[in-house]
Protein chains: 2
Amino acid sequence: MQAVGRMAGVSQVTVSRALSDPSKVSPETLARIHAAIAATGFVPNALAGALASHKSMLVSALVPSMTNIVYSSMLATFSEELRARGYQILLSETGFDAEQEAATVELHLSRRPDAILLTGVHHAPRTRKMLLGAGIPVVEVWDITETPIDLCVGFSHPASGHTMADFAVSAGYRTAVGFSAGDERARRRLAAFAERFSAQSGTPVPVKVTAVGGLAQGRAMLADVLDSGTFQGGLIACSSDVLAHGVLIEAAARNLTVPEDLAVIGFGDQDLAAAVEPPLTTIRVNREALGRSAASLVLARIRGEDPAHPVIGVGFSLIRRRSA
Amino acid sequence: MQAVGRMAGVSQVTVSRALSDPSKVSPETLARIHAAIAATGFVPNALAGALASHKSMLVSALVPSMTNIVYSSMLATFSEELRARGYQILLSETGFDAEQEAATVELHLSRRPDAILLTGVHHAPRTRKMLLGAGIPVVEVWDITETPIDLCVGFSHPASGHTMADFAVSAGYRTAVGFSAGDERARRRLAAFAERFSAQSGTPVPVKVTAVGGLAQGRAMLADVLDSGTFQGGLIACSSDVLAHGVLIEAAARNLTVPEDLAVIGFGDQDLAAAVEPPLTTIRVNREALGRSAASLVLARIRGEDPAHPVIGVGFSLIRRRSA
DNA sequence: TTGTACGCGTTATCAA
DNA sequence: TTGATAACGCGTACAA
């Protein structure tokens with residue numbers, strides 16, 4: 001900035017002002033400064049700026065996995081909203097491990113973000129402590145709690161499982177099995193489904209769990225319950241659309257008709273849900289709205305406001321298509 | 001650090017040393033310092049550290065889309081390698097637009113990253129200039145060029161199209177159509193396929209293009225060529241596995257048998273390629289190796305080394321399964 | 001093994 | 001409308 005100022009015939013401070021609040025600089029000097037910037041290729045140092053102003057214009061986001069469309073799609077709108085206000089996103093994966101999350105939080109905090117987004121509501125005690133100590137807005141998403149660290153936007157996973165079960169019962173299904181991915185939230189959804197469905201139908205609901213929830217795992221699980229005789233028709237409730245899609249593929253490969261021979265219900269309403277054959281009955285969560293709400297809550301808190309509702313339930317809805 | 005030092009009975013510098021190089025501090029004082037850190041909940045300020053040391057321990061990564069598994073999977077290994085060396089990734093989406101990329105590069109440069117990763121080899125002139133001026137390692141990935149800004153790890157998209165065509169001809173297909181996503185690299189792949197296939201088979205290859213390459217678009221494109229009579233059997237070459245998967249779904253919905261009634265070839269060898277029915281013949285790019293090579297090239301350059309081969313071709317291979 | 005002094009490149013405060 | 005000066009919280013000499 002000093003070099004730019006020298007070239008424009010002004011001091012370093014004036015260059016700083018020209019960049020942060022052009023209205024405080026006369027049009028003529030502003031022009032000279034811009035000319036100097038263009039000539040030198042000067043790029044301001046945001047590190048120094050952040051250090052001096054105590055504003056990093058950085059927002060941290062921690063998600064279990066960035067290759068999972070479920071998280072990346074809500075992040076897309078979250079970061080879009082924040083980028084519009086000049087914030088940049090510092091993104092990290094935490095896996096599904098609380099200790100790894102704690103380590104990542106510490107790393108992020110050292111960059112002095114102006115706010116931080118966490119996935120889920122269950123964290124290591126140390127994580128909570130660090131976050132409280134940091135004194136910045138914290139928003140927990142993709143789950144819901146009455147006792148958030150600060151802010152929370154999400155929905156109840158058990159409630160979504162209950163909704164699936166109620167639908168299944170009312171649609172006339174009397175037997176069911178559950179296929180779940182290994183992460184804690186998926187298991188809570190399926191556990192709630194199994195508990196409610198078996199209570200209403202009187203038949204127990206076995207729940208199979210796989211570490212990762214891919215297409216291949218969906219196929220393999222269906223093959224497994226079919227070959228072992230665990231499943232003789234009825235409904236297959238899956239913790240994700242991808243798993244459900246795998247079930248569809250395996251069923252087709254065995255010349256089984258969906259939903260006649262077996263019915264399938266997914267979770268997430270990803271793009272593929274409507275595009276597969278038959279289209280998937282699934283639970284839709286408005287991920288974009290979730291990301292947007294999280295952003296506006298954070299933005300309000302950064303402005304110093306105290307939101308009337310620090311916990312926002314975005315809800316979900318069952319989309320009935322042809323698979324069940 | 002001063003406060004921590006006071007509590008531990010040492011100066012600020014000693015605290016700094018305890019954190020950056022514990023071997024330079026006596027075990028006793030180290031213990032006192034760690035106790036003080038634990039007591040105060042002190043988290044070092046990486047902004048100040050970066051400002052003083054001229055090392056931000058930050059590496060920028062710019063990808064067209066983070067919801068696209070193709071990019072996020074190579075990023076996963078890239079960031080894993082760098083995280084192991086203490087670097088953090090500053091990630092941004094650029095869409096498929098050169099101007100947006102330039103603006104994002106400028107934003108990232110203001111954070112003084114120690115290196116930067118760019119997707120593709122075609123950039124705005126201004127981007128090249130800024131990057132050269134920044135004087136940091138730059139690695140361009142997912143495409144290849146003889147004249148990189150600095151480093152390059154990727155493969156030739158036209159060559160992959162030629163490989164598809166050569167396979168198709170040798171497998172006996174005499175007619176083909178191409179389905180391509182709208183991005184520049186996808187189109188180059190399909191254009192190369194069409195050119196080579198028609199040269200060898202003597203029949204022209206129409207190429208359909210869709211802005212986004214989703215499952216629904218794959219279905220719609222197949223429905224379209226079938227209903228309009230543009231396609232009467234032969235091979236469908238797709239710019240991605242997802243598009244190919246859409247073709248598979250639509251074919252099954254119409255009771256068409258693959259590969260007998262129509263054959264399909266994809267690109268990318270994503271997880272789904274082996275899991276669908278029939279499994280997809282596709283082009284595999286080792287995305288993990290790509291991310292890893294990019295990381296080690298960058299790391300070497302950061303260490304001040306001059307890599308013998310600044311341009312690395314990772315190549316690709318055709319995986320023949322049952323769809324073609 | 002530890003400490004002193006200084007500088008990194010900005011913003012904030014105050015004065016002109 | 002502009003400038004001088006002092007932080008911001010660390011690392012890096014250099015000295016002890």
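Each chain gets a letter, A, B and so on, in the order its sequence line appears, and its residues count up from 1.
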Check step by step if salt bridge (Lys or Arg N to Asp or Glu O under 4.0 Å) holds for A:Glu28 and A:Arg32.
-> CA-CA 6 Å; A:Glu28 301 83 52; A:Arg32 290 207 313 278; over 6 Å; no
Given B:Arg83 and B:Gln88, is the side-chain hydrogen bond (donor to acceptor under 3.5 Å, both in side chains) satisfied, shown in steps?
-> CA-CA 6 Å; B:Arg83 189 171 36 240; B:Gln88 236 174 311; over 6 Å; no
Residues B:Arg292, B:Glu80; criterion salt bridge (Lys or Arg N to Asp or Glu O under 4.0 Å); working and verdict = CA-CA 9 Å; B:Arg292 215 178 312 283; B:Glu80 187 186 336; 5.3 Å; no
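Remark: P of D:dT2 and CG of A:Asp21 are 12 Å apart, rounded to the nearest angstrom. Rounded to whole angstrom, the span from the CD atom of A:Gln12 across to the P atom of D:dG3 amounts to 11 Å. Atoms CZ (B:Arg6) and P (C:dG3) sit 13 Å apart, rounded to a whole Å. Taking atom CG on B:Asp114 and atom C1' on D:dG11, their separation rounds to 14 Å, with Å as the unit. In this structure, A:Arg17 places its CZ atom 11 Å from P of D:dA4, rounding to the nearest Å. Between A:Asn45 atom CG and C:dG9 atom C1' the separation is 6 Å, expressed in whole Å. In this entry the distance linking NZ of A:Lys55 with P of D:dA7 reads 20 Å, nearest Å. Rounded to a whole Å, the CG atom of A:Leu51 is 10 Å from the C1' atom of C:dT11.
Relative to the side chain of B:Ala48, the nucleotides C:dG9, D:dC10, C:dG3 differ in distance, and D:dC10 lies closest. Listed nucleotides: D:dC10, D:dG3, C:dT10. Nearest to the side chain of A:Val13: D:dG3. Here the side chain of A:His54 is nearest to one of D:dC10, C:dT10, D:dC8, namely D:dC8. With distances taken from any side-chain atom of A:Ser11 to the nucleotides D:dA7, D:dG9, D:dA4, the minimum falls on D:dA4. Which of C:dT4, D:dC8, D:dC10 sits closest to the side chain of B:Met1 comes down to D:dC10. The side chain of A:Val10 sits closest to D:dG3 out of C:dT4, D:dG3, D:dG9. Checking D:dG3, C:dG3, C:dT10 against the side-chain heavy atoms of A:Thr14 singles out D:dG3 as nearest.
For B:Ser26 and C:dT2, the shortest distance from a side-chain N or O to OP1 or OP2 is below 4.0 Å. For the OP1/OP2 pair of C:dT10 and a distance below 4.0 Å, the side-chain nitrogens and oxygens of A:Ser16 include no atom meeting the criterion.
Other residues, nucleotides and ligands contribute at most 12 non-hydrogen atoms within 6.0 Å of the CZ atom of A:Arg187. No more than 12 heavy atoms of other residues, nucleotides or ligands sit less than 6.0 Å from atom CZ of B:Arg85. Surrounding CD of A:Glu305 are more than 12 heavy atoms belonging to other residues, nucleotides or ligands, all under 6.0 Å away.
At a cut-off of 3.5 angstrom, the base of C:dG9 holds no donor-acceptor pair with the side chain of B:Arg112.
Among the heavy atoms of the strands, none lies under 4.0 Å from A:Ser20.
Judged by closest nucleotide on DNA chain C, B:Pro27 is the one of A:Ala52 and B:Pro27 placed further toward the 5' end. Positionally, the nearest nucleotide of DNA chain D for A:Lys24 lies more toward the 5' end than for the other of A:Lys24 and A:Ser53.
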